[in-house]
Amino acid sequence: MASEYIGYTAVPDDAEFKRIIYAHFNEAGRQFPWRETNDPYAILVSEMMLQQTQTLRVLPKYEAWLKRFPSVQDLAKASLQEVLQFWSGLGYNRRAVFLQKTCKALLSDFGGEFPRDVALLEKLPGIGPYTARAVSTFAYNQPEVFIETNIRSVFIYFFFKDATEKVSDSVLMPFVERTLDREQPRLWYYALMDYGAELKKHIVNPSRRSTGYTKQSTFKGSLRQARGAILRQLAMQPDLTLDVIGKMESIDAERLQKAASKLVQEGLICSDTEGRYRISS
């Protein structure tokens, strides 16, 4: 069982560490459609969706998204309303906006092709250091050095068990680089992520001991909930007032107004003189 690979107390050397991670992966590695492709667009879609969203929620959305928007060109030419409609349910809607903006930038600046240079990838809308390196590794099997929540948990668990202070990513990164499997980095990162995901089922999440750890605020009653409600309703039907949205979503008027004002400021929605809102074109 996968759990037999959890419970190490001694700090392993690099060879033993790799053996443990790969042994778990060979027995209990997860299978996802984004692991069956080297298409950078499909991989970017998965990376954007997986940010702050559980894998099981992403899976059906990912498949539906690629069926409707199978390429950079398809997403770039779609309406924002349709893009947000297909994103509905994932939350953090700006990720969908950035994803479409990236596709438009790829068409205008790179002929629709993804650059292989990480520095160029980072210049695309909404793509930061992690996402750029993840796309480079998973699409092109380049040995990039990066860290995300499951990887962070693994390195804290194995190499900082007895740390008395919280651990920063800058401290972890040399360990990530030192142990990187440069011959098959794609597979190695999958193995690390799967070990980290399994680890959290058996012990308190080691990432809580990271300097960057913050507990996510409650969704219900938040401005984030109101933002999502507005975009969800407008993606299905334009020209709605906040009063109508509030009744359908059972959200108070003050919170809806604050959320709507922010969404207008960000250019995601617009309103007419009678207070009816729609997704911006």
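In what follows, residues are counted from 1 in the order of the sequence shown.
Among residues two or more places apart in sequence or in another chain, the side-chain hydrogen bond (donor to acceptor under 3.5 Å, both in side chains) test is passed with Glu47 by Tyr130. Not counting sequence neighbours, Gln31 has no partner by the side chain to side chain contact (heavy atoms under 4.5 Å, CB included) test. Residues satisfying the side chain to side chain contact (heavy atoms under 4.5 Å, CB included) criterion with Asn93, sequence neighbours excluded, are Leu84, Trp87, Leu231.
How far CG of Asp109 is from CG of Leu120: 10.0 Å, rounded to the nearest 0.5 Å.
Taking both residues in full, the closest heavy atoms of Leu180 and Pro143 are given as CD2-O, 3.5 Å, listed atom of the first, atom of the second, then distance.
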Should Gln81 and Leu234 be marked as a side-chain contact (heavy atoms from CB on, under 4.5 Å) after you check the CA-CA gap, both sets of side-chain angles, and the distance that decides it?
-> CA-CA 8 Å; Gln81 180 172 348; Leu234 295 181; over 6 Å; no
Apply the test side-chain contact (heavy atoms from CB on, under 4.5 Å) to residues Phe98 and Ile127: give CA-CA distance (whole Å), side-chain angles for both, the deciding distance (0.1 Å), then the verdict.
-> CA-CA 8 Å; Phe98 282 133; Ile127 296 185; over 6 Å; no
Might you work through the side-chain contact (heavy atoms from CB on, under 4.5 Å) test for Tyr277 and Gln233, ending with a clear yes or no?
-> CA-CA 10 Å; Tyr277 289 83; Gln233 291 298 334; over 6 Å; no
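With Phe159 as the aromatic partner, Lys161 does not meet the cation-pi criteria of under 6.0 angstrom to the ring centre and within 45 degrees of the ring axis.
Between Tyr195 and Phe155, the gap from one ring centroid to the other reaches at least 6.0 Å. Taking the six-membered ring for Trp, Phe175 and Phe160 have ring centres closer than 6.0 Å.
Here the side chain of Arg178 pairs no donor or acceptor atom with the backbone of Pro174 at under 3.5 angstrom. A donor-acceptor pair is defined here as one N or O able to donate and one able to accept, closer than 3.5 Å; no such pair exists between the side chain of Asp14 and the backbone of Thr179. In this structure, Arg152 contributes its side chain and Ser210 its backbone to no donor-acceptor pair below 3.5 Å. Side-chain N or O atoms of Tyr189 include one that pairs as donor or acceptor with a backbone N or O of Glu144 at under 3.5 Å. Listed for the Ser168 side chain is no donor-acceptor partner under 3.5 Å among the backbone atoms of Thr211.
Ring geometry for Phe138 versus Tyr190: interplanar angle under 30°, hence parallel rather than tilted (30 to 60°).
With salt bridges taken as basic N to acidic carboxylate O contacts below 4.0 Å, none links Arg255 and Glu249. A salt bridge does not link Glu63 to Lys67: none of the charged nitrogens lies less than 4.0 Å from a carboxylate oxygen. Between Lys18 and Asp181 no salt bridge is recorded (no basic side-chain N to carboxylate O distance below 4.0 Å).
Other residues, nucleotides and ligands contribute more than 12 heavy atoms inside 6.0 Å of the NZ atom of Lys200. Around NZ of Lys258, the count of heavy atoms belonging to other residues, nucleotides or ligands within 6.0 Å does not exceed 12.
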